[in-house]
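Being a predicted model, the structure only gives us computed values, none of them experimental. For ligands, and for the atoms within them, numbers begin at 1 and follow the listed sequence.
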Amino acid sequence: MLKEQLALVEQNIQNACEKSGRKNDDVTLIAVSKTKPVEMLQEAYDLGVRIFGENKVQELTQKYDLLPKDIQWHFIGHLQTNKVKYIVDKVALIHSVDSIKLAETIEKEAEKKDCIARILVEVNVAQEDSKFGMKVEEVLPFVEKISKFSHIKVEGLMTIAPFVENPEENRPIFSKLRQLSVDINDKNIDNVNVSILSMGMTNDYEVAIEEGATFVRVGTGIFGHRDYSKNA
Ligand SMILES: *Cc1c(COP(=O)(O)O)cnc(C)c1O
């Protein structure tokens with residue numbers, strides 16, 4: 001089942017790329033494996049998946065220890081400052097940086113571990129009260145500020161679009177995130193090249209690709225529905 005679902009998502013990504021005149025290689029699938037057991041991640045790994053997304057620090061570090069070391073882990077959830085130290089040298093990319101305090105902590109912990117943390121700025125484009133992320137107008141000054149940090153590399157932007165029945169409704173949100181990335185790049189800030197757009201989930205990744213997504217984060221579409229009742 002996982003095999004067929006994964007193949008379907010990959011096919012849909014390819015179709016969306018063709019439809020929008022983009023190269024398949026420019027879009028990377030992140031298999032969002034939160035709440036799923038290690039066996040299921042191993043199954044995906046055996047099918048060739050090497051990029052997994054998790055949103056809880058403890059869950060990520062547990063899975064990190066149990067699974068092959070050539071996996072790229074992406075941290076996509078809200079990150080508390082006191083937990084940065086557990087993942088800063090384990091993850092390929094932190095998608096959810098949305099405050100100076102968090103950026104300062106990442107800088108400090110990355111310096112201790114002698115690594116460079118690659119990060120995305122999370123933007124609450126839809127301005128939903130329930131979501132984390134910065135306001136659109138806060139992003140440029142924020143990026144200018146953290147561009148001076150020597151252990152952080154700002155590589156792009158991330159957004160979580162609202163859950164909608166019709167994914168077309170999210171098109172303006174994805175388009176706005178892409179425009180913001182263009183505006184930031186136009187400023188030619190030292191040490192900043194906003195080339196990653198992490199946007200699109202199971203419900204709307206095809207539309208996100210048409211609007212320029214370079215990472216899509218797909219959980220349910222690959223692994224099936226999440227059962228939070230069984231979660232320890
Ligand atoms: C859970 C999650 C996803 C995946 O959601 P699906 O709808 O299951 O594809 C993507 N991004 C973030 C930030 C998430 O927390």
Name each N or O atom in ligand 1 that is under 3.5 Å from a protein N or O, and give the partner atom and the distance.
unit_1: ligand 1; atom_1: 8 (O); unit_2: Thr220; atom_2: N; d: 2.8
unit_1: ligand 1; atom_1: 8 (O); unit_2: Thr220; atom_2: OG1; d: 2.5
unit_1: ligand 1; atom_1: 8 (O); unit_2: Arg226; atom_2: NH1; d: 2.8
unit_1: ligand 1; atom_1: 8 (O); unit_2: Arg226; atom_2: NH2; d: 3.1
unit_1: ligand 1; atom_1: 9 (O); unit_2: Thr202; atom_2: N; d: 3.0
unit_1: ligand 1; atom_1: 9 (O); unit_2: Thr202; atom_2: OG1; d: 2.4
unit_1: ligand 1; atom_1: 9 (O); unit_2: Gly219; atom_2: N; d: 2.8
unit_1: ligand 1; atom_1: 11 (N); unit_2: Arg217; atom_2: NE; d: 2.8
unit_1: ligand 1; atom_1: 15 (O); unit_2: Lys34; atom_2: NZ; d: 2.7

Does the side chain of Trp73 come within less than 4.5 Å of Glu54's, by heavy atoms?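 Yes, side chains in contact.
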Strictly distance-based, threshold 3.5 Å: is any side-chain N or O of Asp204 a donor or acceptor partner for the main-chain N or O of Ala208? no
By ring pair (Phe, Tyr, Trp, His ring centres under 6.0 Å), Phe75 pairs with (sequence neighbours left out) none
Test of understanding: with ring pair (Phe, Tyr, Trp, His ring centres under 6.0 Å), list the residues that count as partners of Phe132, not counting sequence neighbours.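 Applying ring pair (Phe, Tyr, Trp, His ring centres under 6.0 Å) to Phe132 gives His78.
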Are Arg171 and Glu210 ion-paired here, with the side-chain N under 4.0 Å from a carboxylate O? yes
By side-chain contact (heavy atoms from CB on, under 4.5 Å) - contacts of Asp89 (at least two apart):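 Scan of Asp89 (side-chain contact (heavy atoms from CB on, under 4.5 Å), adjacent residues dropped) gives Lys113, Cys115.
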